There are 2 protein chains.
Amino acid sequence: MATIHDVASACGVSISTVSRAISRPDLVNAATRERVLAAVAELDYQPSTAARSLMSGRSMTLALLVPDITNPFFFDLVRGTQAQAAAAGYSQILIDTNESVELEHQHIATAAKGADGLVLGASRLGDDALREAARSVPLTAVNRSTPGVTSVVIDTPSGMIQAVHHLASLGHRDVAYLSGPRSSWSNGRRWRAVQLGARQAGLSVRRLGPFPPTRAAGAAAADAAVHAGVTAVMAFNDLIALGVLQRLFARGVAVPDDMSVVGCDDTFGADFCHPPLTTITASIEQVGRLATDMLLEQLRSVAPPPRVHTVPAVLTIRGSTGPVPARRRPRH
Amino acid sequence: MATIHDVASACGVSISTVSRAISRPDLVNAATRERVLAAVAELDYQPSTAARSLMSGRSMTLALLVPDITNPFFFDLVRGTQAQAAAAGYSQILIDTNESVELEHQHIATAAKGADGLVLGASRLGDDALREAARSVPLTAVNRSTPGVTSVVIDTPSGMIQAVHHLASLGHRDVAYLSGPRSSWSNGRRWRAVQLGARQAGLSVRRLGPFPPTRAAGAAAADAAVHAGVTAVMAFNDLIALGVLQRLFARGVAVPDDMSVVGCDDTFGADFCHPPLTTITASIEQVGRLATDMLLEQLRSVAPPPRVHTVPAVLTIRGSTGPVPARRRPRH
DNA sequence: ATGAAAGCGCTAACAT
DNA sequence: ATGTTAGCGCTTTCAT
């Protein structure tokens with residue numbers, strides 16, 4: 001690998017001239033510049049990022065931490081952050097914290113030294129830990145908000161309230177919320193939204209779970225819902241809802257004829273599963289873009305005060321919700 | 001941010017002692033070591049990765065390049081490479097080359113300086129360019145093989161041959177292959193496999209396309225297939241197949257009653273779309289793990305000669321394939 | 001316009 | 001067992 005010295009000696013100038021010819025071309029004589037640039041091309045010289053980082057203190061790298069790359073929600077997020085990072089000349093490193101608070105903690109510490117800033121997807125950290133982290137490194141949190149921390153949150157709750165009303169208007173009186181992970185901030189918000197909507201619409205909700213936010217867990221969730229005797233379920237996310245659909249089908253419970261199912265996030269698959277999922281839609285990729293933008297902003301010399309940006313979410317009605325069954329089916 | 005000097009002066013030793021206390025504890029007096037480690041904890045000292053990289057010449061970072069992060073095939077790959085990289089203490093940076101040969105070229109060059117090695121997912125590079133790249137930086141290619149380049153390839157072709165026989169056994173005589181991108185090496189292999197299978201099974205295949213490997217393109221592909229009057233299609237990948245399913249449904253063509261559909265890769269969604277997709281299954285995550293392993297191996301002092309590892313793939317029959325229609329439906 | 005030299009934070013000889 | 005020193009490759013004063 002060619003170094004700046006190779007280039008310098010190749011065209012008989014000093015290393016500072018080479019450096020300047022590259023980073024501030026206007027400061028060097030046109031003729032010399034040509035010569036240097038030619039040598040650079042000739043030797044295929046690439047300035048060492050390590051050396052640059054050492055000098056500048058910046059790595060031109062951003063890190064994205066997610067609890068589980070397996071979850072399509074995060075695919076969409078990755079897409080958005082990656083695109084925006086790339087556009088700004090940053091690389092993005094991807095870290096899976098495996099739904100673990102400790103791992104997240106640890107990775108924040110280590111990632112912080114490798115990256116110039118972090119995007120925390122659905123952080124499982126507590127308020128104090130999150131604020132603390134935000135103090136030690138530029139970061140923006142996605143779907144995890146607390147005062148003093150820059151974040152972008154999706155207004156899923158208002159979508160869920162709409163969903164409850166939708167269910168009510170179909171005649172449902174008994175619905176279950178299939179809870180996500182306890183450590184998920186979104187889960188708390190969503191459950192509160194469901195409760196609020198239920199109060200407004202005058203129907204009864206109960207919370208089942210918590211369940212891991214996976215398709216596999218949807219089977220258990222479906223069984224719990226059938227056992228509870230509700231006519232509709234609202235799942236913490238689409239993954240659980242997908243699992244529910246599958247399990248209900250296996251048990252011979254028809255959707256939406258015997259049971260209505262509402263997902264959340266409208267991630268990949270929600271529109272082509274069977275039946276297609278009524279769910280809460282937001283542009284997650286857009287959220288990723290925004291989060292990266294807000295992070296990049298903090299990296300500029302004058303960092304803005306922490307802000308929280310809210311992205312709208314709406315109810316998308318598809319085939320998995322329908323009128324309440326005329327007569328309740330036997331509970332298997 | 002604390003430096004090694006801060007730690008050193010904090011406990012009245014030289015920086016080398018600090019360095020040693022951290023990287024080779026056995027070389028320093030137990031008592032001093034304690035003191036140093038205490039100071040490290042106290043000051044929350046984190047050795048600078050940039051400085052370390054500069055010294056060692058290694059960044060402890062791997063890069064994964066994919067043509068399109070949007071594609072679920074690559075989600076699975078990301079999972080695998082990420083897991084294995086993390087296990088080996090490496091970070092992984094993710095790069096989207098956007099289906100562009102030029103972008104891939106360029107990113108290989110730039111990524112090469114930031115990362116210690118690359119995993120190229122479904123590289124769109126030509127043979128020469130790929131070999132050239134492999135000469136300049138440690139890399140392993142996934143589903144893109146050429147002599148002299150370490151790679152892991154999925155034995156999708158044998159799965160596709162099985163699929164053709166499956167179709168033949170259902171009575172199909174006319175099938176179409178819905179071609180993927182021209183620059184995709186896999187596409188060529190898959191098409192050849194389909195032709196071979198067709199010859200063996202004595203049925204006729206034609207190639208339609210090429211189509212971009214996206215759900216959206218599946219609509220065009222479906223129309224082309226209907227127009228061609230075939231009774232079964234085999235798509236380059238599940239994404240196209242999913243799009244076909246959707247379009248066929250919209251046009252009132254029943255699957256599998258009027259048309260059988262075979263996908264490829266068994267990516268997220270293939271098992272819960274409607275009807276579930278008959279497809280070619282391989283553990284893509286496993287492929288990612290393997291690719292990273294093989295890359296890591298090249299990074300060790302004595303790099304092994306280029307090898308190509310083949311991962312098996314099998315036909316998974318689901319609901320999207322069935323007997324050939326008794327009488328052909330009118331072609332819309 | 002160009003060169004010399006200092007130094008970013010660290011590790012690895014080489015002294016002591 | 002510990003300290004001193006010389007770089008790793010680069011940018012950036014400061015001279016010239």
Side-chain angles (χ1 to χ4, degrees), chain A residues 1-40 42-61 89 109-110 112-116 137 301, chain B residues 1-40 42-61 89 109-110 112-116 137 301:
Chain A
M1 190 92 203
T3 79
I4 199 172
H5 288 100
D6 300 329
V7 178
S9 57
C11 50
V13 297
S14 76
I15 60 168
S16 3
T17 301
V18 175
S19 176
R20 276 188 288 251
I22 291 169
S23 40
R24 273 150 45 204
D26 47 303
L27 293 189
V28 355
N29 181 296
T32 348
R33 190 196 318 143
E34 294 303 294
R35 237 165 358 113
V36 171
L37 263 25
V40 164
E42 170 63 30
L43 300 176
D44 188 30
Y45 165 69
Q46 302 266 119
S48 144
T49 48
R52 279 204 165 147
S53 302
L54 188 53
M55 277 299 306
S56 65
R58 305 186 317 103
S59 60
M60 296 307 279
T61 295
T110 59
K113 59 178 216 218
D116 293 338
V137 48
S301 43
Chain B
M1 190 93 201
T3 80
I4 198 173
H5 289 99
D6 300 330
V7 178
S9 57
C11 50
V13 296
S14 78
I15 60 168
S16 10
T17 301
V18 175
S19 177
R20 275 187 290 252
I22 291 170
S23 39
R24 274 153 44 206
D26 46 304
L27 294 188
V28 351
N29 181 295
T32 356
R33 190 198 317 145
E34 294 303 291
R35 239 170 350 118
V36 171
L37 263 25
V40 164
E42 170 63 29
L43 300 176
D44 187 32
Y45 165 69
Q46 303 267 119
S48 143
T49 49
R52 279 202 164 149
S53 301
L54 188 53
M55 276 298 306
S56 65
R58 305 185 315 103
S59 60
M60 296 306 281
T61 295
T110 58
K113 58 178 216 214
D116 294 337
V137 48
S301 42

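The shown structure was predicted, so the numbers you read here are calculated from the model rather than taken from an experiment. Residue numbers start from 1 in every chain, and the chains themselves are labelled A, B, ... in the order their sequence lines are given, proteins ahead of strands. The basis for the numbers below is simple: all heavy atoms, side chains too, and nothing from hydrogens, waters or symmetry mates.
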Other residues, nucleotides and ligands only: do more than 12 of their heavy atoms fall within 6.0 Å of CD on A:Glu34?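 Yes, CD of A:Glu34 has more than 12 neighbouring heavy atoms, counting only those of other groups under 6.0 Å.
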Show the numbers, then the answer: is there a side-chain contact (heavy atoms from CB on, under 4.5 Å) between B:Asp44 and B:Met1? CA-CA 8 Å; B:Asp44 187 32; B:Met1 190 93 201; over 6 Å; no
State which residues pass side chain to side chain contact (heavy atoms under 4.5 Å, CB included) with [X]; sequence neighbours excluded, sorted by chain then number.
X: B:Ala51; answer: A:Leu54, B:Ser48
X: A:Ile4; answer: A:Ile15, A:Val18, A:Ser19, A:Tyr45
X: A:Ala21; answer: A:Val28, A:Arg33, A:Val36, A:Leu37
X: A:Ser9; answer: none

In chain order, what residues pass the side chain to side chain donor-acceptor pair (under 3.5 Å) check against B:Ser16, with sequence neighbours excluded?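 Only B:Ser14 meet the side chain to side chain donor-acceptor pair (under 3.5 Å) criterion with B:Ser16.
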Output one letter per nucleotide in nucleotides 6-16 of chain C: B when a protein non-hydrogen atom lies under 4.0 Å from the base, S when only the sugar-phosphate is that close, - when neither is. -BBBBBBB---
Atom CG of A:Asp26 and atom P of C:dT2: how far apart are they, to the nearest Å?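 So the CG-P distance, A:Asp26 to C:dT2, works out to 12 Å.
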Check every strand shown and say whether A:Thr32 touches a base, only sugar-phosphate, or nothing at a heavy-atom separation below 4.0 Å.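 Sugar-phosphate, backbone atoms only, no base.
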Any heavy-atom pair between the side chains of B:Glu42 and B:Val7 that's under 4.5 Å?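 They are not in side-chain contact.
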Contact boundaries of DNA chain D with chain B (under 4.0 Å, heavy atoms), 5' to 3'?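 Both ends considered, the range comes out as D:dA1 to D:dG9.
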So what is the end-to-end bend of the helix from C:dA1-D:dT16 to C:dT16-D:dA1, with 5 pairs used at each end and the value given to 10 degrees?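 The end-segment axes of the helix from C:dA1-D:dT16 to C:dT16-D:dA1 are tilted 40° relative to each other.
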Listed once per pair and sorted, the side chain to side chain donor-acceptor pair (under 3.5 Å) pairs that draw on residues 51-61 of chain A, sequence neighbours left out: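 Listed once each, the pairs are A:Arg58-A:Tyr90, A:Ser59-A:Asp116.
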Under the criterion side-chain contact (heavy atoms from CB on, under 4.5 Å), I'd like the reasoning laid out for A:Gln46 against A:Val40: C-alpha separation, chi angles, the key distance, then a yes or no. CA-CA 8 Å; A:Gln46 302 266 119; A:Val40 164; over 6 Å; no
